[in-house]
2 protein chains.
Amino acid sequence: MKRELDHKLHLRNIKPTAMRQLVLHVLTEQSTAISLPELEQIFDRADKATLYRTLKTFEKNKLIHRINDGAGPVKYALCQDTCKCQPEDLHVHFLCTKCNQTYCLTEIPIPDITLPAKFSFENVNMVVKGVCANCAI
Amino acid sequence: MKRELDHKLHLRNIKPTAMRQLVLHVLTEQSTAISLPELEQIFDRADKATLYRTLKTFEKNKLIHRINDGAGPVKYALCQDTCKCQPEDLHVHFLCTKCNQTYCLTEIPIPDITLPAKFSFENVNMVVKGVCANCAI
DNA sequence: TCTGACTTTGCAACCCGGTTGCATCAACTT
DNA sequence: AAGTTGATGCAACCGGGTTGCAAAGTCAGA
């Protein structure tokens with residue numbers, strides 16, 4: 001277990017400190033994306049700035065990706081092992097309006113968009129809102 | 001001019017106070033979306049809370065719509081006269097990574113997405129990032 | 001093994017966008 | 001003219017995000 005976590009960190013060139021192992025462990029346990037404030041609650045003895053910088057490091061090294069779902073704080077979720085955070089790795093995110101959980105729909109690529117003349121494409125963010133399977137009656 | 005503004009307010013059942021006329025006037029002058037902090041700078045003698053509540057009122061009455069482009073503060077842009085803020089009124093937004101301006105691409109509808117089983121659709125937000133025509137070399 | 005350079009952590013403080021409570025003011029009704 | 005309602009201005013607060021700085025930890029080379 002710890003081996004796998006260290007391996008993941010190693011793959012992304014991140015030094016495996018105790019803090020980072022713990023944070024990564026929590027991240028792997030999540031089925032939905034998690035925000036910094038939520039992380040603070042889980043580690044109620046840990047420092048906010050450290051958690052913040054840990055997430056920054058993870059994001060910079062493409063271990064996690066940031067999700068802006070428009071519902072408060074930014075959330076983070078693990079990248080696929082093969083992810084390079086390129087356009088082809090982008091996928092749709094889903095925000096449940098009942099439980100406020102955000103899902104990575106990794107199997108749903110984002111459709112192509114034809115932009116107006118002289119507008120160039122770099123990146124795209126797509127968030128669908130609705131009710132998730134867990135909250136469906 | 002003032003007539004048109006009052007008419008727009010009237011159409012959306014918003015009482016035409018001086019403040020609201022001024023804010024609406026500024027909004028109609030923008031070719032791109034504007035944030036509350038930007039609005040504060042334009043009206044440097046006006047109160048933040050008043051501007052805030054003015055935008056809230058406009059949004060509630062569907063005179064403007066909120067755009068969350070992930071680049072700092074929420075931005076707002078005028079709705080089309082016919083807009084009911086229903087899914088069919090949704091369009092793609094474009095954030096220029098050079099000038100940080102956000103455009104409503106009202107002519108580009110958001111493509112349909114097939115969600116996983118038992119996930120229901122309510123709403124969708126799509127923001128394309130890139131370089132806009134003005135900033136293209 | 002010791003030393004020095006570099007990284008990570010913890011604490012504190014700060015910034016800024018957003019939001020609310022409350023008193024005052026304006027407009028409109030009767 | 002008095003009373004009701006809504007709008008405004010001011011102040012304060014909240015929470016997420018961010019940074020400066022000093023202490024602790026890590027590691028390579030002597």
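Please read these numbers as outputs of a predicted model, since none were measured by experiment. In the text below, chain A, chain B and the rest are named by the order of the sequence lines, each starting its count at 1.
- An angle of 10°, rounded to 10°, separates the two end axes of the helix from dT1(C)-dA30(D) to dT30(C)-dA1(D), each defined over five pairs.
- Within the 3.5 Å criterion, the main-chain N or O of Thr54(A) finds no donor-acceptor partner in the side chain of Arg20(A).
- Contacts between residues 16-28 of chain A and DNA chain C, defined by a heavy-atom separation under 4.0 Å, are made by Thr17(A), Met19(A), Arg20(A).
- A straight line from CG of Asn13(A) to P of dT8(C) spans 12 Å, rounded to a whole angstrom.
- Across residues 50-73 of chain A, Thr50(A), Arg53(A) each have a non-hydrogen atom less than 4.0 Å from an atom of DNA chain C (numbered order).
- A donor-acceptor contact shorter than 3.5 Å is absent between the side chain of Asn61(B) and the backbone of Leu63(B).
- Closest of all the heavy-atom pairs between Leu9(A) and Phe58(A) is CD2-CE1, 3.8 Å.
- A donor-acceptor contact under 3.5 Å is formed by the side chain of Lys48(A) with the base of dG17(D).
- Using a 4.5 Å cut-off on side-chain heavy atoms (C-beta onward), Glu38(B) and Gln30(B) make no contact.
- For the pair Met19(B) and Ala46(B), the tightest heavy-atom approach, listed with the atom from each and the gap, is CE-CB, 4.0 Å.
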### Task
Please report the C-alpha distance between Glu40(B) and Leu51(B) in whole Å, then the side-chain angles of each, then the deciding distance to 0.1 Å, and finally whether the side-chain contact (heavy atoms from CB on, under 4.5 Å) criterion is met.
CA-CA 7 Å; Glu40(B) 282 178 63; Leu51(B) 293 173; 4.0 Å; yes
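- Scanning residues 32-44 of chain A for heavy-atom distances under 4.0 Å to DNA chain D yields Leu36(A), Pro37(A).
- Considering every non-hydrogen atom in both Pro109(B) and Val92(B), the closest pair reads O-CG2, 4.0 Å.
- The main-chain N or O of Val74(B) is never found under 3.5 Å from a side-chain atom of Ser35(B) such that the two would form a donor-acceptor pair.
- Note on Glu59(B) versus Arg66(B): salt bridge recorded, some NZ/NE/NH1/NH2 to OD/OE distance being below 4.0 Å.
- The main-chain N or O of Glu107(A) is never found under 3.5 Å from a side-chain atom of His91(A) such that the two would form a donor-acceptor pair.
- Under a 3.5 Å cut-off, the side chain of Ser120(B) and the backbone N or O of Gly130(A) do not form any donor-acceptor pair.
- The residues Asp81(B) and Lys8(B) are annotated as salt-bridged, a charged nitrogen and a carboxylate oxygen being separated by less than 4.0 angstrom.
- Without hydrogens or angle criteria, Asp89(B) side chain to Gln86(B) main chain gives a donor-acceptor distance under 3.5 Å.
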### Query
How would nucleotides 24-30 of chain C be written as a contact map, 5' to 3', with B for base contact, S for sugar-phosphate-only contact and - for no contact, using protein heavy atoms under 4.0 Å?
-------
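- The distance from atom CG of Asp47(A) to atom C1' of dG20(D) is 13 Å, rounded to the nearest whole Å.
- Think of Leu95(B) as one node in a network of Ile, Leu, Val, Met, Phe, Trp and Tyr side chains linked at under 4.5 Å; its network also takes in Val127(B).
- Atoms CD and CG, from Gln21(B) and Asp6(B) in turn, are 4.5 Å apart once rounded to the nearest 0.5 Å.
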